Structure formats: C-alpha cells, structure tokens
Amino acid sequence: MIDLRSDTLTRPTASMRRAMAEAEVGDDVYDEDPTAHALQERVAELFGKQAALFAPTGSMANLLAVASLVGPGQEVLCESRAHILRAELGAHGALMGITSRTWSHPRGQLDLAAVKELYAPDMGPFFVRTTAISVENTHNFAGGSVLPLADLQALRAWATSVGVGVHMDGARIWNAHVATGTPLVEYGAVTDALAVCLSKGLGAPVGSLFVGTHEQIEAARVLRKRMGGGMRQVGVLAAAGLHALDHHVERLAEDHEHAALIAERVGVDPATVETNIVVIDVPDAAAVVARAAEEGVRVGAVGPQRVRLLTHLDVTRADAEQAAKVLAGLV
Ligand SMILES: *Cc1c(COP(=O)(O)O)cnc(C)c1O
C-alpha cells in the first residue's frame with residue numbers, strides 16, 4: 001500500500017531509532033535533559049532566535065506561540081483556512097480565550113491590505129484588540145503553498161510599526177526553505193513566535209518546537225506543564241528530531257519532485273504544486289479515494305470534489321510513479 005494521506009505517516013528509519021535508543025536523557029521537567037537542550041538550542045539558532053521549547057504536537061507549539069502574543073479577550077488575525085483555526089479543535093478560543101477574524105486567499109497567501117483593514121488597535125472597552133497576525137508557511141489546506149519572503153517582510157515592517165506580533169505556523173517551514181532556498185534565519189527575522197514540526201516531512205515520530213525569546217519560552221514552559229505537556233526523559237524524542245535535522249531536511253526536495261511528477265501525470269496545474277502537497281479536483285472524491293485504495297494507493301478526500309495527497313520520506317520515486325499511474329487512470 002502506498003500511503004499518501006499525510007506526511008505524518010512516516011515511520012522512524014533504522015538509524016533514527018538507533019539515535020533515539022542511544023540518546024542521553026534526564027528529567028526535562030527539571031530542565032535536565034541534555035538531548036532536549038541540544039535540540040532546542042539548535043532549532044533556536046537555525047532561526048536566529050534566543051530560545052526554543054520542545055512540545056509534543058504542532059498544535060501545542062502553536063498554542064504556546066500564539067498565547068505568547070495574544071491574551072484572553074484579544075484577537076489574532078489569520079487566513080480563513082489556517083490550521084490554528086480549522087484543525088486545532090478551537091483550542092485557542094476554548095483554552096486561551098483568544099478570538100479571531102480572518103481574511104481569505106485562494107492560495108492561503110498573506111493579504112496585507114486585508115490585514116490592515118481588519119486590524120483593530122486598542123479601543124478600550126469598545127472593540128476586541130488585535131495583538132497578533134498569524135501566517136502559515138507552507139499553507140496546509142491551500143495545498144502546500146509558500147509565502148514569499150518579501151510579503152512576510154512587508155508584514156513584519158507594518159506589524160512593528162503598529163506594535164502587533166507576528167506568529168508563523170511553520171509546521172512545514174522546512175518545505176518552504178528547501179523549495180525556495182530562503183535561509184531559515186530569514187523566517188526567524190520576520191516572526192515573533194514560530195512553531196515548527198519535526199513529525200511531518202522530517203519523519204520524526206513525535207515533536208514540535210515553539211521558537212521565540214528567552215522570556216516567551218520561560219512563560220511557555222509553565223503553560224506547557226499546565227496543559228499536561230511536561231514530559232520527562234524527552235531526549236529519546238529529541239534525538240529523533242536532531243537526527244531528522246541532520247538527515248531529512250535537504251531530501252525534502254525529492255518529495256517536491258515526486259509531488260510535481262504526480263501532478264503532471266494526473267493533469268494538475270504544476271503552478272499549484274509548490275512543495276509536497278497535491279490537490280486534485282474530481283467529480284466524486286469519495287469514489288476516487290475508494291478506487292485508488294483498491295489499487296493500492298491511499299489518498300484523502302478534503303471536500304466532496306477534492307482529493308489531496310502528500311509525498312514524504314516513505315514514498316520512493318517508484319511509489320510516486322505507481323501512484324501517478326493509478327490516479328491518472330481514475331481522474
Ligand atoms: C500538522 C500541522 C500542525 C500541527 O499538527 P499536530 O497534529 O498537532 O502535530 C500545525 N499546523 C499545520 C499547518 C499542520 O499541517
């Protein structure tokens with residue numbers, strides 16, 4: 001079975017498992033896990049930030065990051081299909097008292113004109129105050145689209161001028177980095193709070209990080225524990241992340257090639273496939289999903305007429321060619 005439903009479906013490689021087994025560990029609630037420290041320091045440095053904090057999931061890393069910028073009764077502005085809004089089960093509102101308003105863009109891009117129009121300064125007892133703008137790079141539900149650095153820099157400049165924070169959901173920031181060659185520090189420079197995942201394209205079994213300042217990370221350490229995310233010998237997991245950073249970043253280019261190959265053969269506009277996600281419009285998504293599975297290819301339906309697939313570490317070129325052949329026969 002070639003499983004293209006998500007890039008979270010990867011299993012740790014033999015060498016990643018070895019790195020995990022051999023990891024030096026300590027109790028991370030006591031802040032004494034050397035491997036967690038090594039990962040946190042390395043990720044902070046990659047983005048040119050002061051500090052980072054390991055979290056069990058990308059959802060928790062996003063929650064810690066957004067909550068570092070937005071208080072209860074304040075709002076974050078984001079794109080209407082943002083993961084923080086659609087796929088985190090309302091956590092930002094339900095747990096943190098954060099509200100939100102959105103702009104919409106077919107490719108999940110930043111629309112600075114719309115952001116400026118939505119933005120609400122502090123109006124005392126009259127309106128909800130905007131304290132952060134959130135962007136997603138790459139944008140999951142917009143098909144893995146990349147946000148151009150120039151747009152992010154324009155947002156940064158404006159956000160600084162009005163005094164609001166910038167959050168980036170960088171679950172797949174590695175894909176954006178590899179697809180465009182943009183140095184990771186550039187993404188660090190345009191954001192105040194960044195969340196990144198190790199468990200997507202990088203192939204680690206567990207793990208995400210919130211990246212920010214010493215002060216933000218210190219507060220996030222308390223909030224993480226409060227939410228039940230204080231873990232003990234977490235170095236076993238951090239070791240998988242360090243291994244992924246050593247071995248699985250540059251190879252994302254292969255995933256992008258495989259996605260482009262599938263897109264081309266099933267007749268999807270290549271301009272809509274910037275990274276490892278392919279979205280195919282079909283008359284009956286459920287039927288395509290069922291028939292593809294019968295032929296050994298698992299893909300997901302993301303709407304009644306929309307099928308989505310993702311390439312990843314466990315998909316070889318031969319798998320991509322086989323999947324393309326099956327899907328081309330069905331759509
Ligand atoms: C996967 C993902 C997350 C985090 O998901 P978890 O399942 O909580 O790890 C956050 N943002 C985006 C865009 C994602 O694709």
Side-chain angles (χ1 to χ4, degrees), residues 3-12 39 43 52-68 76 78-92 94-96 98 100 102 105 107-110 132-147 152 166-179 187 191 193-211 220 223-224 227-229 231 234 237-238 240-241 244 248 252 255-256 259 274-279 300 302 308-313:
D3 202 339
L4 305 176
R5 289 171 302 162
S6 175
D7 49 5
T8 56
L9 294 160
T10 55
R11 262 79 46 103
L39 175 67
V43 170
L53 187 70
F54 189 82
T57 62
S59 296
M60 194 187 285
N62 273 333
L63 198 64
L64 298 173
V66 172
S68 78
V76 58
C78 60
E79 203 277 329
S80 60
R81 285 175 295 168
H83 193 281
I84 61 165
L85 215 56
R86 289 203 62 204
E88 297 178 8
L89 288 304
H92 300 258
L95 304 178
M96 296 296 156
I98 292 169
S100 184
T102 60
H105 188 288
R107 299 284 300 151
Q109 298 289 306
L110 177 65
I133 315 301
S134 176
V135 291
E136 188 172 311
N137 196 16
T138 67
H139 196 300
N140 183 343
F141 299 122
S145 53
V146 175
L147 304 189
L152 295 169
V166 176
H167 164 255
M168 184 183 287
D169 178 351
R172 293 188 183 80
I173 195 66
W174 323 103
N175 296 82
H177 160 64
V178 168
Y187 292 126
T191 52
L194 177 66
V196 302
C197 289
L198 305 166
S199 56
K200 300 272 166 85
L202 295 194
V206 177
S208 291
L209 292 104
F210 163 33
V211 196
L223 184 52
R224 182 184 66 172
M227 293 192 296
M231 297 174 286
V234 76
L237 303 176
H248 296 167
L252 291 171
D255 296 347
H256 301 168
E274 296 176 66
T275 55
N276 69 325
I277 304 178
V278 182
V279 176
V302 287
R308 190 183 75 146
L309 63 91
L310 290 87
T311 54
H312 53 74
L313 186 60

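Here the structure is a predicted model, which means the values were calculated and not measured. All ligand and atom numbering here is 1-based and tracks the order in the structure. Sequence positions, counted from 1, serve as the residue numbers for this chain. For the numbers below, each heavy atom of this structure counts, side chains included, while hydrogens, waters and symmetry mates do not.
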Q: Please lay out, stage by stage, how His312 and Asn276 fare under the test side-chain hydrogen bond (donor to acceptor under 3.5 Å, both in side chains).
A: CA-CA 7 Å; His312 53 74; Asn276 69 325; over 6 Å; no
Q: Flag the pair Leu63 / His92 as yes when at least one side-chain heavy-atom distance between them is below 4.5 Å, and no otherwise.
A: yes
Q.
Within the structure provided, determine whether His167 and Val76 are in side-chain contact (heavy-atom separation under 4.5 Å).
A.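 Not in contact.
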Q: For Val279, enumerate each residue passing the side chain to side chain contact (heavy atoms under 4.5 Å, CB included) test, keeping only those at least two apart in sequence or located in another chain.
A: Ile277, Arg306, Arg308
What atoms of ligand 1 come within less than 4.0 Å of a heavy atom belonging to [X]?
X      : answer
Glu88  : 10 (C)
Asn62  : 10 (C), 11 (N)
Thr57  : 8 (O), 9 (O)
Asn140 : 13 (C), 14 (C), 15 (O)

Q: Pick one of side chain, backbone, both or neither for how Ala171 approaches ligand 1, counting any non-hydrogen atom pair under 4.0 Å.
A: side chain
Protein contact to [atom] [nearest heavy atom, distance to 0.1 Å]:
atom                    : value
atom 1 (C) of ligand 1  : Lys200 NZ, 1.3 Å
atom 9 (O) of ligand 1  : Gly58 N, 2.8 Å
atom 11 (N) of ligand 1 : Asp169 OD2, 2.6 Å
atom 13 (C) of ligand 1 : Glu136 OE2, 3.2 Å

(Q) Under 3.5 Å between any N/O of Ser59 and any N/O of ligand 1: does that happen in this structure? (A) yes
Q) Does Arg172, backbone or side chain, put an N or O under 3.5 Å from an N or O of ligand 1? A)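 Such a contact does occur with ligand 1.
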Q: Can you measure from CG (Asn175) to CG (Asp7) and round to the nearest 0.5 angstrom?
A: 7.0 Å
Q: Output the distance between atom NZ (Lys200) and atom OG1 (Thr138), rounded to the nearest 0.5 Å.
A: 9.0 Å
Q | Over 12 non-hydrogen atoms of neighbours within 6.0 angstrom of CZ in Arg11 | A |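 No, because the 6.0 Å sphere around CZ of Arg11 holds 12 heavy atoms or fewer from other groups.
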Q: Please list, chain by chain and in numerical order, all residues satisfying ring pair (Phe, Tyr, Trp, His ring centres under 6.0 Å) with His83, sequence neighbours excluded.
A: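 Partners of His83 by the ring pair (Phe, Tyr, Trp, His ring centres under 6.0 Å) criterion come out as none, since no residue qualifies.
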Q: Scan the protein's non-hydrogen atoms and note whether one is under 4.0 Å from atom 6 (P) of ligand 1.
A: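 Yes, there is one.
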